[in-house]
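A short write-up of the structure that comes next.
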Amino acid sequence: MGYDEVGRERSTEPSSGVPAAVLENVFDDPTHGEPGRDRIGVHLGWELLLLAGLAALGWLLWQDDPAALRGGNLRTLLVAAVGLGLLALAAGLSLRTAAPNLAVGPIAVAAALHYAEQGDRGLLASVGPAVAVAALGGLAVALVVVVLHVPGWAASLAGAAGVVVYIERRSAPVLVQGDYDPGRSAGYLFAGFAAVAVLGGLFGAIRAVRRLAGRYRPISDPARRRGTLAAVVTAVALVGSSVLAALAGVLLAANGPELVAPTSGLDWTVLAVGVTLLAGTSAYGRRGGVFGTLLAVGVVTLFQTYAPERGWTLSTWAVGGAVLGVGLLVTRLVETFGRPRPGSIDKPEPVSDGTISTGWTMPQSQPVDNWPPTLPTPAAPQPVDPWRDPRWEDGPRRWDTDER
């Protein structure tokens, strides 16, 4: 497919004098990357603020309506958090690869409508086709993105338009036919989501994993291909995000009211992307935190539960737009203070020859001059013209002596 492996064909050392092998370890991109490791402290600091906000909202909700955090209401709240969390994971997975999937909201609504219509056939028979169609749709979008090398948001927006056409075939809300109650396993569902979110953040903080996931992020010309490996990783992320969005839609339909409205779902896309950015994931891709997704989902879920208690009527568009605006500020914070410090280049680890294990390294031999030194080569002697011998001109001539 003619992907350009930027910098892979050049083995010469850069102008900085640092060996190419060292640059491969300390740069996110050996040719155009920034030297050093990303600073994770900015993410941890922001996550502490999210934790404080989560605690404050929980305390306020407890003061106004303690029953909202007990019994069945608590289980419903946990399932709603898992549904929103799966949408946030779907958006975050595509954002980390710098190919945002804007179709996650419509996919969730389409999956919810399908489950509402086919739920009486059983959980597996109703969820399986929805997940399979979502995976195939994600694969189609991924092929457009990586083969044509076009922005993920543009290709996924086109895919979202196709899903909205499927949704608009229904003119009235659909009654949920299935009897699956996710509230009975709310604790397990929330624990599973929390484990996936935190483990994903931990793996994403590893330099090699972060570099692999963020290879599609442009470094100079955004239209330049980033290589076959970047294309494969991006395609897997788009397919995975589509599957997670479908599962989120099924969970929200089973946990919500009995009727599923045939809306476009773009408001859920705005909310999911906003929660992801609020969690500390950069809108440019690659960078992200550890506990941010879990905390951001908790903050937004508690706020959506607390707002009606205060008499506030807020639509998903309003909440999503506000969260997205704050998330853009967080992106600027992450990109400004999360990048490597200027001039920080990691020192290469000592290399052992297999016989000495003390950590000492032998200095590399330097080229030496010729030894022993040779004398300079004398110039070749010039031939002497016998007719220009000085004695023929300067010496006394015989005929002059005879005349005297």
Side-chain angles (χ1 to χ4, degrees), residues 50-51 53-90 104-105 108-109 111-116 118-120 122-124 126-127 130-131 173-200 243-261 268 271-272 275 278-279 291-310 312-314 316 319-320 323:
L50 287 177
L51 180 60
L54 179 64
L57 281 173
W59 182 81
L60 291 174
L61 182 60
W62 176 266
Q63 292 297 316
D64 286 359
D65 186 12
L69 300 176
R70 294 175 181 170
N73 292 330
L74 177 60
R75 289 191 291 270
T76 301
L77 184 65
L78 290 177
V79 175
V82 175
L84 179 59
L86 290 178
L87 271 180
L89 288 177
V104 292
V109 174
L113 290 170
H114 176 80
Y115 170 75
Q118 306 294 330
D120 55 347
L123 186 61
L124 183 60
S126 58
V127 176
V131 172
V174 179
L175 180 66
V176 178
Q177 301 295 323
D179 56 355
Y180 170 64
D181 182 15
R184 290 176 296 184
S185 54
Y188 296 105
L189 290 174
F190 186 81
F193 156 68
V196 171
V198 174
L199 289 177
V243 170
L244 288 174
L247 293 176
V250 171
L251 200 60
L252 291 174
N255 185 58
E258 296 181 353
L259 295 176
V260 178
W268 284 101
L271 182 60
V275 170
L278 183 67
F291 304 96
T293 301
L294 178 62
L295 296 174
V297 167
V299 167
V300 174
T301 302
L302 285 182
F303 179 78
Q304 288 180 316
T305 306
Y306 175 72
E309 299 295 334
R310 302 293 298 178
W312 303 337
T313 303
L314 300 175
T316 306
V319 177
V323 173

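Only heavy atoms go into these numbers, but all of them, side chains included; no hydrogens, no water, no symmetry mates. For the single chain, residues carry numbers from 1 onward in sequence order.
- For the pair G53 and V299, the tightest heavy-atom approach, listed with the atom from each and the gap, is C-CG2, 4.3 Å.
- Side-chain contact between L50 and L278: present, with at least one pair of heavy atoms (C-beta onward) separated by less than 4.5 Å.
- For the atom pair L252 CG and Y115 OH, the distance stands at 12.0 Å (nearest 0.5 Å).
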Please evaluate residues L78 and L189 with respect to the criterion side-chain contact (heavy atoms from CB on, under 4.5 Å), reporting the C-alpha separation (whole Å), side-chain torsions for both, the decisive distance (0.1 Å), and the verdict. CA-CA 8 Å; L78 290 177; L189 290 174; over 6 Å; no

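- H114 places no side-chain N or O within donor-acceptor distance of the main-chain N or O of V127, the cut-off being under 3.5 Å.
- L271 places none of its side-chain heavy atoms less than 4.5 Å from the side chain of L87.
- Across all non-hydrogen atoms, the minimal contact from V260 to A112 is CG1-CB, 4.0 Å.
- Between T301 and the choices L57, V82, L84, V275, the side chain to side chain contact (heavy atoms under 4.5 Å, CB included) rule is met once, by L84.
- Atoms OG1 and CG, on T305 and L61 in that order, are 6.5 Å from each other to the nearest 0.5 Å.
- A130 and A111 get closest at one heavy-atom pair: CB-CB, 4.3 Å.
- Side-chain atoms of V104 and W268, non-hydrogen and from C-beta on, never get closer than 4.5 Å to each other.
- N255 places a side-chain N or O within 3.5 Å of a backbone atom of T76 that can act as its donor or acceptor partner.
- Using bins of under 30°, 30° to 60° and over 60° for the plane-to-plane angle, the ring pair W312/Y306 lands in the perpendicular bin.
- A donor-acceptor pair under 3.5 Å links the side-chain atoms of N73 to the main chain of A67, judged by distance alone.
- Using a 4.5 Å cut-off on side-chain heavy atoms (C-beta onward), V323 and F303 make no contact.
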- side-chain contact (heavy atoms from CB on, under 4.5 Å) between F193 and V297, intermediate numbers included: CA-CA 11 Å; F193 156 68; V297 167; 4.1 Å; yes

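- Contact detail for S126 and Q118: the closest heavy-atom pair is CB-O, 3.3 Å.
- The CG atom of D65 lies 4.0 Å from the CD atom of E309; values are rounded to the nearest 0.5 Å.
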